[in-house]
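The block underneath contains the structure these notes are about, expressed in structure tokens.
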Amino acid sequence: MTERADAARNRQALLRAADALLHDHEPGHISLDQVAAAAGVGKGTVFRRFGSRTGLFQELLAERAARLGAAMDSGPPPLGPGAPPGQRLVAFVDELALLAAENIRLISAHEQACAADPYSDPTYQRWHRHLRALLGELRPDGDADFLAHVVLGGYDGELVRRITAAGGMARLRLAVRDLALRVAGVDHVA
């Protein structure tokens, strides 16, 4: 079904408004009333489009993660298909570290909004499936499902904020890469 032009404009306006508010306010202090006002629409439009604050932040994160998802599915190796699983693992955690570091407030807002059931978020589930598959290849004797959750735990919003504040993006990237390789039982990737 094709989205109506006015609905598409409202969707983009709401996502841009939420994004702009995240730059100026802590995630817990952003209300749907503020988002609607900043987008120039009624609060009912936010609810019709996203259902809730959770839906709004899920959609904003999904939009930010779309490029990463496309690269995982059909991009060039090592992030895309065709590379050995260890190389794909490193490429994925590196890209996810970059996404998390560039979107710390969004990650925190998303976590707060999805606090009741963080594992049911579609973006999280997609990342988890990808990691589970890679870790399953690298550690067929391990619990790839659990290990994928452990690696994704390295992208907790407050943890990302703390690590990048004391070492920047480079520290975060190296830390999650080290964690992923240790969890995968791999010393290094060529």
Side-chain angles (χ1 to χ4, degrees), residues 1-82 88 91-134 148-149 152 155-158 160-161 164 169 172-173:
M1 184 165 141
T2 304
E3 188 174 36
R4 290 186 343 253
D6 62 329
R9 276 192 308 275
N10 286 344
R11 177 184 174 279
Q12 284 305 308
L14 288 163
L15 292 174
R16 297 294 70 81
D19 188 42
L21 287 167
L22 282 170
H23 281 282
D24 298 329
H25 305 293
E26 286 298 315
H29 297 135
I30 298 172
S31 71
L32 291 182
D33 287 325
Q34 289 173 301
V35 174
V41 301
K43 187 175 177 180
T45 301
V46 181
F47 283 105
R48 279 189 302 280
R49 180 63 204 178
F50 301 108
S52 65
R53 179 179 154 86
T54 300
L56 173 65
F57 288 120
Q58 283 179 327
E59 181 110 7
L60 187 54
L61 180 61
E63 182 181 81
R64 296 282 171 83
R67 183 193 59 77
L68 175 58
M72 288 166 27
D73 294 342
S74 58
L79 187 55
R88 290 195 78 195
F92 177 71
V93 297
D94 283 355
E95 286 297 313
L96 199 50
L98 179 62
L99 179 77
E102 290 177 345
N103 295 282
I104 292 172
R105 286 185 181 230
L106 172 57
I107 299 292
S108 294
H110 179 267
E111 287 171 356
Q112 290 171 17
C114 298
D117 189 8
Y119 304 114
S120 68
D121 174 71
T123 301
Y124 182 92
Q125 288 179 347
R126 183 171 194 199
W127 293 342
H128 182 267
R129 279 191 307 274
H130 185 64
L131 278 172
R132 186 179 63 218
L134 294 173
H149 287 299
L152 288 172
Y155 300 101
D156 171 77
E158 284 307 309
V160 168
R161 187 186 310 259
T164 57
M169 174 58 206
L172 177 65
R173 182 175 272 170

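Just so you know, these numbers use all the heavy atoms, side chains as well, and skip hydrogens, waters and symmetry mates.
Distance check, rounded to the nearest 0.5 Å: NE2 of His25 to OG of Ser31 gives 9.0 Å. Going from atom CG of Asp19 over to atom CZ of Phe57 covers 9.5 Å, rounded to the nearest 0.5 Å. Of the inter-residue distances, the one linking Asp121 atom CG with Thr54 atom OG1 reads 9.5 Å to the nearest 0.5 angstrom. Expressed to the nearest 0.5 Å, how far CZ of Arg161 lies from CZ of Arg105 amounts to 6.0 Å. Atom-to-atom distance recorded for Phe92:CZ and Leu134:CG is 8.0 Å, nearest 0.5 angstrom. If you take CG on Leu61 and CG on Leu56, they are separated by 11.5 Å, rounding to the nearest 0.5 Å.
Taking every heavy atom of both residues into account, Ala97 and Arg173 meet most closely at CB-CA, 4.0 Å. When all heavy atoms of Ser52 and Leu32 are compared, the pair lying nearest together is C-CD1, 4.0 Å. Of all heavy-atom pairs between Val35 and Ala17, the closest is O-CB, 3.7 Å. Heavy atoms only, all atoms of each residue included: Ala13 and Ala39 are closest at O-CB, 3.6 Å. Residues Pro81 and Ala71 come closest through the heavy atom pair CD-O, 4.5 Å. Between Asp33 and Lys43, the shortest heavy-atom distance links the atoms OD1-CD, 2.7 Å.
Two rings, from Tyr124 and His110, have their centers 6.0 Å or more apart.
Side-chain contact between Ile107 and Tyr155: absent, with no pair of heavy atoms (C-beta onward) separated by less than 4.5 Å. With contacts defined as side-chain heavy-atom distances shorter than 4.5 Å, the pair Trp127/Leu68 qualifies. Looking at heavy atoms from C-beta onward, Leu14 lies out of side-chain contact with Leu60 at the 4.5 angstrom threshold. Within the 4.5 Å cutoff, no side-chain heavy atoms of Met72 are placed close to those of Arg129. Using a 4.5 Å cut-off on side-chain heavy atoms (C-beta onward), Pro77 and Arg88 make no contact.
No donor-acceptor pair under 3.5 Å is formed between the side chain of Thr164 and the backbone N or O of Met169. Judged by distance alone, with hydrogens and angles left aside, the side-chain atoms of Arg53 form a donor-acceptor pair with the main-chain N or O of Ile30 at under 3.5 Å.
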inquiry  = side-chain contact (heavy atoms from CB on, under 4.5 Å), that's the test. Do Asn10 and Arg49 meet it? Break it down for me.
reply    = CA-CA 9 Å; Asn10 286 344; Arg49 180 63 204 178; over 6 Å; no
request  = Run the numbers on Arg48 and Thr45 for side chain to side chain donor-acceptor pair (under 3.5 Å), then give the verdict.
outcome  = CA-CA 5 Å; Arg48 279 189 302 280; Thr45 301; 3.2 Å; yes
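In this structure, the side chain to side chain contact (heavy atoms under 4.5 Å, CB included) partners of Arg67, at least two apart in sequence or on a different chain, are Glu95.
A donor atom on one side chain and an acceptor atom on the other are not found under 3.5 Å apart for Arg126 and Thr123.
The pair Arg11-Glu59 meets the salt-bridge criterion, since a charged nitrogen lies less than 4.0 angstrom from a carboxylate oxygen.
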